[in-house]
Amino acid sequence: MSETTLISVRVPEAVAKRLAALAEATDRSKSYVAAQAIEEFLSLQEWQVKAIRKGLNEAEAGKLAGHKEALKLLGRWDCRGG
């Protein structure tokens, strides 16, 4: 079993109730569900920070997209279906 550390976190009562309900619905402990939630949050935030730093480094190195190239890239993200 991997090492664990006990942490204490204050959350609004509504969040605590949601945590308890999800733990019960999934037949998991509140500790397990909370640890999974923290892990997923950290992974997302770490990815964002890494991507932002990469972008800043590229900008500082002068690796910027021109206006037309930027519009072309943004056009690929158009999810409106039209």
Side-chain angles (χ1 to χ4, degrees):
M1 181 176 193
S2 64
E3 252 184 76
T4 62
T5 300
L6 176 64
I7 62 171
S8 178
V9 180
R10 291 194 181 276
V11 297
E13 188 174 336
V15 172
K17 287 179 180 179
R18 289 170 59 199
L19 176 64
L22 183 58
E24 185 176 334
T26 58
D27 197 28
R28 298 285 189 168
S29 68
K30 290 186 289 185
S31 181
Y32 176 86
V33 174
Q36 289 298 112
I38 291 169
E39 178 63 37
E40 288 183 31
F41 176 83
L42 290 173
S43 292
L44 175 61
Q45 295 302 311
E46 289 165 345
W47 171 85
Q48 280 188 314
V49 168
K50 184 178 177 181
I52 290 167
R53 285 185 178 150
K54 180 182 177 196
L56 289 172
N57 288 337
E58 288 177 358
E60 289 173 3
K63 297 178 183 176
L64 302 170
H67 183 72
K68 287 184 180 180
E69 186 181 354
L71 288 176
K72 184 178 176 181
L73 290 170
L74 288 173
R76 291 186 201 163
W77 296 347
D78 185 1
C79 298
R80 292 176 289 176

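Along the sequence shown, the residues carry numbers beginning at 1. Note: hydrogens, waters and symmetry copies are ignored here, and every other heavy atom, side chains too, is used.
- One distance of note links CD of Q48 with OG of S43; it measures 11.5 Å at 0.5 Å rounding.
- Residues F41 and V49 do not share a hydrophobic cluster, defined by chaining ILVMFWY side chains whose heavy atoms lie under 4.5 Å apart.
- Applying the side chain to side chain donor-acceptor pair (under 3.5 Å) test to residues at least two apart or on different chains, the pairs with a partner in residues 13-28 are E13-K17.
- Applying the side chain to side chain contact (heavy atoms under 4.5 Å, CB included) test to K72 and every residue at least two apart in sequence or in another chain returns R76.
- There is a path of hydrophobic side-chain contacts, each under 4.5 Å, that joins V15 to I38.
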Pair up each side-chain donor or acceptor in residues 53-70 with any protein partner under 3.5 Å, not counting sequence neighbours, and list the distances.
from: N57; atom 1: ND2; to: R53; atom 2: O; distance (Å): 3.3

